[in-house]
Chemist: 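Input: one structure, supplied below.
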Amino acid sequence: GTPALAAIDLSIGCGEHVAVVGANGSGKSTLLKILDGLVFPTAGKVVAFGAPLTEAALEDPAFRREFRSRVGFVFQEADVQLFCSDVRDELAFGPLQLGLPDDEVRRRVQEVAGQLGLEKLLDRPPYSLSGGEKKRVAIASIITMESHVLLLDEPATALDPRSQVWLLDVLEAWKSEGRTVVMATHDLSVAAEAADRLVVLSEDHTVVADGTPDEV
């Protein structure tokens with residue numbers, strides 16, 4: 001019964017890198033879940049790729065497959081996202097759900113594991129990994145789907161300084177590839193370095209600032 005967001009009016013363009021910042025409970029994670037079609041607003045509307053994003057729309061198999069192939073979500077807590085018996089299966093799960101051929105799935109798994117330095121972890125169960133390793137696997141499992149839009153909830157959480165540098169390199173690569181990124185983060189240094197635009201949510205669950213990092 002408590003509003004999580006109020007009077008949000010945002011437009012995110014193709015290729016933009018947007019960081020959503022704000023206090024705990026301001027609605028950052030809820031906003032990302034709305035953008036991913038995991039929860040739905042009680043008022044107003046969400047439009048994705050020119051079409052309304054609704055529960056009814058996502059019940060259509062063709063729309064759902066198209067939307068899920070284009071948008072990837074990395075949860076704040078990696079344990080929420082990882083559930084397969086080993087890392088290899090985690091990386092393969094998304095492409096398999098998209099119905100890709102086995103050879104293509106294997107190619108993507110090996111390529112992404114090589115890019116992210118996960119080759120030695122492929123046969124390990126996720127529960128045996130450190131927090132930072134789990135986060136890397138969660139991000140890798142989205143990269144294997146080759147999504148054009150990446151929604152990241154606190155991507156720097158549990159990462160050591162070296163892994164944070166790796167994350168910034170990944171974000172920079174995505175920017176050069178023209179991918180769209182929306183991240184919720186408490187890390188203002190990551191937000192300022194990786195984002196073209198900052199959206200600030202207040203404790204009243206509204207947008208109080210929206211501009212470049214320097215402007216904000």
Chemist: Would you compute the distance between atom CG of D123 and atom OG of S85 and round it to the nearest 0.5 angstrom?
Modeler: 10.0 Å

Chemist: Using every non-hydrogen atom in the two residues, find where E90 and S141 come nearest and quote the distance to one decimal.
Modeler: O-CB, 3.7 Å

Chemist: Any sub-3.5 Å donor-acceptor pair from D36's side-chain atoms to L38's backbone N or O?
Modeler: no

Chemist: Specify the closest pair of heavy atoms between A184 and P155, including all atoms of both residues, with the distance to one decimal.
Modeler: O-CD, 3.6 Å

Chemist: Any donor and acceptor pair, going by atom type alone, linking the side chain of K28 with main-chain N or O of G22 inside 3.5 Å?
Modeler: yes

Chemist: So which of V20, V71, I12, V149 actually passes side-chain contact (heavy atoms from CB on, under 4.5 Å) with L35?
Modeler: I12

Chemist: Any side-chain to backbone donor/acceptor pair from H148 onto S69? Under 3.5 Å, distance only.
Modeler: no

Chemist: Do the non-hydrogen side-chain atoms of P41 and L5 ever get within less than 4.5 Å of each other?
Modeler: no

Chemist: Would you say the side-chain atoms of R65 pair up with the backbone N or O of L98, donor to acceptor, closer than 3.5 Å?
Modeler: yes

Chemist: Counting only N and O atoms by type, is there a donor-acceptor contact under 3.5 Å from the side chain of H17 to the main-chain atoms of D196?
Modeler: no

Chemist: Give the cluster check for L32 versus V200: same hydrophobic cluster or not, with ILVMFWY residues linked at side-chain heavy-atom distances below 4.5 Å.
Modeler: no

Chemist: Going by an N to O cut-off under 4.0 Å, is there a salt bridge joining E146 and R107?
Modeler: yes

Chemist: For atom CG of D169, decide whether the heavy atoms of other residues, nucleotides or ligands shown that lie under 6.0 angstrom number more than 12.
Modeler: yes

Chemist: What's the shortest heavy-atom distance between V74 and Q81, and which atoms?
Modeler: CA-OE1, 3.4 Å

Chemist: Taking V208 as the starting point, is it possible to reach V199 by hopping between hydrophobic residues whose side chains are less than 4.5 Å apart?
Modeler: no

Chemist: If I compare all heavy atoms of A195 with all of L198, which pair ends up nearest, and what's the gap?
Modeler: CB-CD2, 4.2 Å

Chemist: How about CD on E104, more than 12 heavy atoms from neighbouring residues, nucleotides or ligands closer than 6.0 Å, or not?
Modeler: yes

Chemist: For E111, I'd like to know if atom CD has over 12 heavy atoms of other residues, nucleotides or ligands within 6.0 Å.
Modeler: yes

Chemist: When you measure from the side chain of T54 to the backbone N and O of A57, does any donor-acceptor pair fall under 3.5 Å?
Modeler: yes

Chemist: For the residue pair F93 and D89, establish whether any side-chain heavy-atom pair is separated by less than 4.5 Å.
Modeler: no

Chemist: Do L58 and L53 come close enough that some side-chain heavy atom pair is under 4.5 Å?
Modeler: yes

Chemist: Do the side chain of E133 and the main chain of S130 share a donor and acceptor less than 3.5 angstrom apart?
Modeler: yes

Chemist: Would you say L171 and L152 make side-chain contact, with heavy atoms under 4.5 Å?
Modeler: yes

Chemist: Output the distance between atom CG (L150) and atom CZ (R70), rounded to the nearest 0.5 Å.
Modeler: 13.5 Å

Chemist: Any heavy-atom pair between the side chains of H205 and T30 that's under 4.5 Å?
Modeler: no

Chemist: Evaluate the criterion side chain to side chain contact (heavy atoms under 4.5 Å, CB included) for residue pair L129 and L82; output intermediate values, then yes/no.
Modeler: CA-CA 11 Å; L129 305 179; L82 305 178; 5.5 Å; no

Chemist: Using atom types as modelled and distance alone, determine if a side-chain donor or acceptor of R136 lies under 3.5 Å from a backbone N or O of L116.
Modeler: yes

Chemist: Looking only at non-hydrogen atoms, find the nearest pair between R64 and E59 and report the distance.
Modeler: NH1-O, 3.4 Å

Chemist: State plainly whether the residues D103 and R106 are in salt-bridge range, i.e. N to O under 4.0 Å.
Modeler: yes

Chemist: Going by heavy atoms in the side chains, are D9 and V207 under 4.5 Å from each other?
Modeler: no

Chemist: Counting distance only, does the side-chain N/O of E16 pair as donor-acceptor with the main-chain N or O of V181 below 3.5 Å?
Modeler: no

Chemist: Are any of the side-chain heavy atoms of D86 and L121 separated by less than 4.5 Å?
Modeler: no

Chemist: Listed by chain and number, what are the ring pair (Phe, Tyr, Trp, His ring centres under 6.0 Å) partners of F73, not counting sequence neighbours?
Modeler: F75

Chemist: Identify the two heavy atoms, one from A48 and one from F67, that lie closest to each other, and give their separation to 0.1 Å.
Modeler: CB-CE1, 3.8 Å

Chemist: Kindly determine whether L96 and D102 satisfy side chain to side chain contact (heavy atoms under 4.5 Å, CB included), including the steps that lead there.
Modeler: CA-CA 8 Å; L96 287 172; D102 289 347; 4.0 Å; yes

Chemist: Do L151 and V190 belong together in a cluster built from hydrophobic side chains that touch within less than 4.5 Å?
Modeler: no

Chemist: Heavy atoms, side chains only, cut-off 4.5 Å: are L31 and L10 in contact?
Modeler: yes

Chemist: Determine whether W166 and W174 fall in the same hydrophobic cluster, where Ile, Leu, Val, Met, Phe, Trp and Tyr are linked whenever their side-chain heavy atoms lie under 4.5 Å apart.
Modeler: yes

Chemist: Check step by step if side chain to side chain contact (heavy atoms under 4.5 Å, CB included) holds for L167 and I139.
Modeler: CA-CA 9 Å; L167 174 64; I139 293 173; 4.0 Å; yes

Chemist: Just verifying a value: how many Å separate L201 CG and I8 CD1, rounded to the nearest 0.5 Å?
Modeler: 5.5 Å

